[in-house]
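What you see is a predicted model, and the numbers here were worked out from it, not measured in a lab.
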Amino acid sequence: MANRAGEYKLNLSGVAEYKSFYPSPLPPQPPLVFDSDTVDILIKANKSIAILNNMTNLIPDINLFVSMYVR
């Protein structure tokens, strides 16, 4: 499935088969156009990421926290 962002490719086969994403080269063609609605959404997303980032300061051992989810 190819699109403007890139495409998924199948790797290996059988039980070991997996998909990987190959992004399209930058800059995208046609160029991105940011209207006011898109900019508002990006600002909201950036604020949410900043809130999550600040919450990590409350975790005493970030490595332990992450390792629980990796397992």
Side-chain angles (χ1 to χ4, degrees):
M1 166 185 193
N3 65 28
R4 183 176 171 176
E7 61 185 61
Y8 284 103
K9 293 189 178 182
L10 287 177
N11 300 289
L12 302 176
S13 62
V15 178
E17 181 179 277
Y18 66 95
K19 289 182 182 178
S20 58
F21 181 75
Y22 286 86
S24 297
L26 291 176
Q29 292 299 327
L32 297 175
V33 177
F34 295 107
D35 59 4
S36 62
D37 291 337
T38 304
V39 171
D40 290 341
I41 292 170
L42 288 172
I43 290 170
K44 185 176 179 181
N46 194 34
K47 286 179 182 178
S48 297
I49 290 171
I51 290 168
L52 287 172
N53 188 42
N54 287 333
M55 287 181 172
T56 62
N57 295 330
L58 303 174
I59 301 170
D61 186 353
I62 191 73
N63 293 324
L64 177 62
F65 182 78
V66 171
S67 70
M68 291 187 294
Y69 291 96
V70 171
R71 293 184 185 160

Validation: residues 53-65 side-chain donor-acceptor distances under 3.5 Å, sequence neighbours left out:
from	atom 1	to	atom 2	distance (Å)
N54	ND2	A50	O	3.3
T56	OG1	N53	O	2.5
D61	OD1	N63	N	3.3
D61	OD1	L64	N	3.4

Do the side chains of I43 and I49 join up, straight or via other hydrophobic residues, at under 4.5 Å, putting them in one cluster? no

Same cluster or not: are F21 and L10 linked, directly or through other Ile, Leu, Val, Met, Phe, Trp or Tyr residues, by side-chain heavy atoms under 4.5 angstrom apart? no

Give a yes or no answer on whether the side chain of R4 reaches the backbone of P30 with a donor-acceptor pair at less than 3.5 Å. yes

Set of ring pair (Phe, Tyr, Trp, His ring centres under 6.0 Å) partners for Y22, sequence neighbours left out: none

Output for pair (E17 CD, N11 CG), nearest 0.5 Å, gives 8.5 Å

